[in-house]
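Everything on this sheet refers to the single structure shown next.
For the numbers below, each heavy atom of this structure counts, side chains included, while hydrogens, waters and symmetry mates do not. Proteins get letters first, then strands, A, B, ... in listed order; numbering begins at 1 in each.
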Amino acid sequence: MAYWLFKSEPSTWSWDQQVAKGDAGEEWDGVRNYQARNFMREMKLGDRGFFYHSQKEKSVVGIVEVCAEAHPDSTTDDPRWECVDIKAIRRFTEPVSLNDIKAEEALAEMVLVKNSRLSVQPVTEAEWRKICALGQTEPD
DNA sequence: GCCAACGTTGGC
DNA sequence: GCCAACGTTGGC
């Protein structure tokens, strides 16, 4: 199983909206970046991801699961763009802020730190476990 | 609100 | 195929 991070501006699509979709999940649509799309193409059913709020909050707020593999993005006719569906699994007991992450030497190589603009990105298992620990939340 | 970083576009 | 110009994102 692989681990990922999904970034969203809460004013556009928030954790609460994701939770409201329940187990049916929702398309992670609107991605118009090849790198991000390619990562979504690599995702398998059951892969886990962090849900990160950008902008004002800048925190990992919960865990999601891939519930549909890559398919055409319904928000565009352009066949280049695909997306996966994700569903909320659980909220972090404590949100883990970007500051918290930057303060951890073990997390210094995270894509979130190195390339803050990439909206869909891979997370290593070590990073996954570390951030779950910081969030006082079960990793699986 | 600013600006750095990055990606994309289009002219040559 | 290069690169300048431009647009967007997101942290500060």
### Task
Could you list the residues that satisfy side-chain hydrogen bond (donor to acceptor under 3.5 Å, both in side chains) with A:Glu69, not counting sequence neighbours?
none
### Task
Answer with yes or no whether the side chains of A:Thr75 and A:Asp73 bring together a donor and an acceptor at under 3.5 Å.
yes
## Note on the structure
Each nucleotide of nucleotides 7-12 of chain C classed B (base within 4.0 Å of a protein heavy atom), S (only sugar-phosphate) or -, in 5' to 3' order, makes BBBBSS
#### Entry: Nucleotide B:dC6, atom C1' - distance to CG of A:Asn33 in whole Å
9 Å
N/O donor to acceptor pairs below 3.5 angstrom from side-chain atoms of residues 17-25 of chain A, sequence neighbours left out:
{"from": "A:Gln17", "atom 1": "OE1", "to": "A:Ser14", "atom 2": "N", "distance (Å)": "2.9"}
{"from": "A:Gln17", "atom 1": "OE1", "to": "A:Ser14", "atom 2": "OG", "distance (Å)": "3.3"}
{"from": "A:Gln18", "atom 1": "OE1", "to": "A:Trp13", "atom 2": "NE1", "distance (Å)": "2.8"}
{"from": "A:Gln18", "atom 1": "NE2", "to": "A:Ile86", "atom 2": "O", "distance (Å)": "2.7"}

### Task
Only counting residues at least two apart or in another chain, list the ones meeting side-chain hydrogen bond (donor to acceptor under 3.5 Å, both in side chains) with A:Asp29.
none
### Message
For residues 88-98 of chain A, which residue pairs pass the salt bridge (charged side-chain N to carboxylate O under 4.0 Å, His left out) check, not counting sequence neighbours?
### Response
A:Asp16-A:Arg91
#### Entry: Cluster companions of A:Tyr34 among Ile, Leu, Val, Met, Phe, Trp, Tyr (side-chain spacing under 4.5 Å)
A:Trp81
Distances under 3.5 Å between protein N/O atoms and the N/O atoms of nucleotides 1-3 of chain C, please, pair by pair.
none

### Query
Under the ring-ring contact (aromatic ring centres under 6.0 Å, His included) test, which residues partner A:Trp15, sequence neighbours left out?
A:Phe51
### Task
Calculate the interatomic distance between A:Gln121 atom CD and B:dC6 atom P; express it in whole Å.
13 Å
In residues 112-122 of chain A, what donor-acceptor pairs under 3.5 Å come from side-chain atoms, sequence neighbours left out?
{"from": "A:Asn115", "atom 1": "OD1", "to": "A:Arg117", "atom 2": "N", "distance (Å)": "3.4"}
{"from": "A:Gln121", "atom 1": "OE1", "to": "A:Leu112", "atom 2": "N", "distance (Å)": "2.7"}
{"from": "A:Gln121", "atom 1": "NE2", "to": "A:Leu118", "atom 2": "O", "distance (Å)": "2.9"}

